[in-house]
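Contents: one structure, followed by commentary.
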Amino acid sequence: NDIANGVRFAARKGAKLINLSLEFDSGVRAADIPQLLSALNYARSRGVLVIGASGNEGDTKVSYPANAPGVMSVGATTETGCVADFSNGGYGLDIVAPGGGTNSTATGESRCRSGSGRARNIAQVTFRGKSVSVFGVPGDYEGTSMATPHVTAAAALVIASGVIGSNPSAGRLESKLMS
């Protein structure tokens with residue numbers, strides 16, 4: 001309910017983008033989160049592009065909330081540009097971005113299967129500990145929650161550039177990112 005309330009609040013206040021760097025485990029189904037699905041639908045109806053983390057279970061199914069209709073789901077790649085071994089994918093995955101970790105052996109690319117191994121994790125400024133006023137750059141973060149802000153930032157740059165108009169729809173923005 002807190003997440004749903006936050007999505008609705010951001011949409012009401014005129015947000016163009018919402019980053020959901022969180023995911024529920026694979027046991028969560030649409031029937032379990034009706035309030036959140038309603039809020040995500042509300043945000044999309046207000047022209048908001050919601051971008052969500054696909055999940056970190058190495059599953060062939062995208063986790064919620066990224067699996068919800070109208071949410072752009074983000075998987076993770078390693079430093080070498082290969083899919084990360086933990087990244088959820090399969091049907092419903094829209095795009096990938098840097099998330100750190102070890103290369104997946106499931107990919108068809110020989111350079112990824114060759115065991116080029118563990119690459120560095122993603123370094124980004126984030127909250128440190130329990131305080132919302134203390135920031136840092138931890139070196140041990142990896143995941144689709146690290147990849148999702150990259151896509152959200154790219155979307156913000158597309159909006160700011162005006163390359164697809166001054167007020168692009170969520171669908172048009174998503175299409176531009178996909179291309």
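Any value given below was found using the heavy atoms of this structure, including those in side chains, with hydrogens, waters and symmetry copies removed. Count residues from 1 along the sequence.
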(message) Take a 6.0 Å sphere around OH of Tyr91 and say whether it holds more than 12 heavy atoms from other residues, nucleotides or ligands.
(response) no
(message) I'd like to know if the side chain of Ser54 and the backbone of Asn88 have a donor-acceptor N/O pair within less than 3.5 Å.
(response) yes
(message) Does Lys16 have more than 12 heavy atoms from other residues, nucleotides or ligands lying within 6.0 Å of its NZ?
(response) yes
(request) Give a yes or no on whether Met72 and Ile164 share a hydrophobic cluster (residues Ile, Leu, Val, Met, Phe, Trp, Tyr; joining criterion: side-chain heavy atoms under 4.5 Å apart). (result) yes
(request) Just jot down the side chain to side chain contact (heavy atoms under 4.5 Å, CB included) partners of Ser21, sequence neighbours excluded, or say none. (result) Asn19, Ser145, Thr148, Pro149
(request) Answer yes or no: is there a donor N or O on one side and an acceptor on the other, between the side chain of Ser38 and the main chain of Pro34, under 3.5 Å? (result) no
(request) Verify the cluster assignment for Leu22 and Val151: are they in a single hydrophobic cluster under the rule of side-chain heavy atoms below 4.5 Å apart? (result) no
(request) Could you identify which residues cluster with Val96, counting Ile, Leu, Val, Met, Phe, Trp and Tyr as linked when any side-chain heavy atoms lie under 4.5 Å apart, either directly or through a chain of such contacts? (result) Val62, Leu93
(message) Using a 3.5 Å distance criterion without hydrogens, assess whether the side chain of Asn56 forms a donor-acceptor pair with backbone atoms of Phe86.
(response) no
(request) For Ser73 and Asp94, indicate whether the former's side chain and the latter's backbone hold a donor-acceptor pair under 3.5 Å. (result) yes
(request) Report yes if some heavy atom in the side chain of Ser26 is under 4.5 Å from a heavy atom in the side chain of Asp59; otherwise report no. (result) yes
(request) State, to 0.1 Å, how close Ala30 and Tyr64 come at their nearest heavy-atom pair, and which atoms those are. (result) CB-OH, 3.5 Å
(request) To the nearest 0.5 angstrom, please state how far the OG1 atom of Thr152 sits from the CG atom of Leu49. (result) 7.5 Å
(message) Nearest 0.5 angstrom please: Ile3 CD1 to Gln35 CD, how far?
(response) 11.0 Å
(request) Apply salt bridge (charged side-chain N to carboxylate O under 4.0 Å, His left out) to Arg8 and list each qualifying residue two or more places apart in sequence or on a separate chain. (result) none
(request) Let me see the working for Met178 and Ile95 under side-chain contact (heavy atoms from CB on, under 4.5 Å), right down to the final yes or no. (result) CA-CA 7 Å; Met178 298 289 287; Ile95 197 166; 4.3 Å; yes
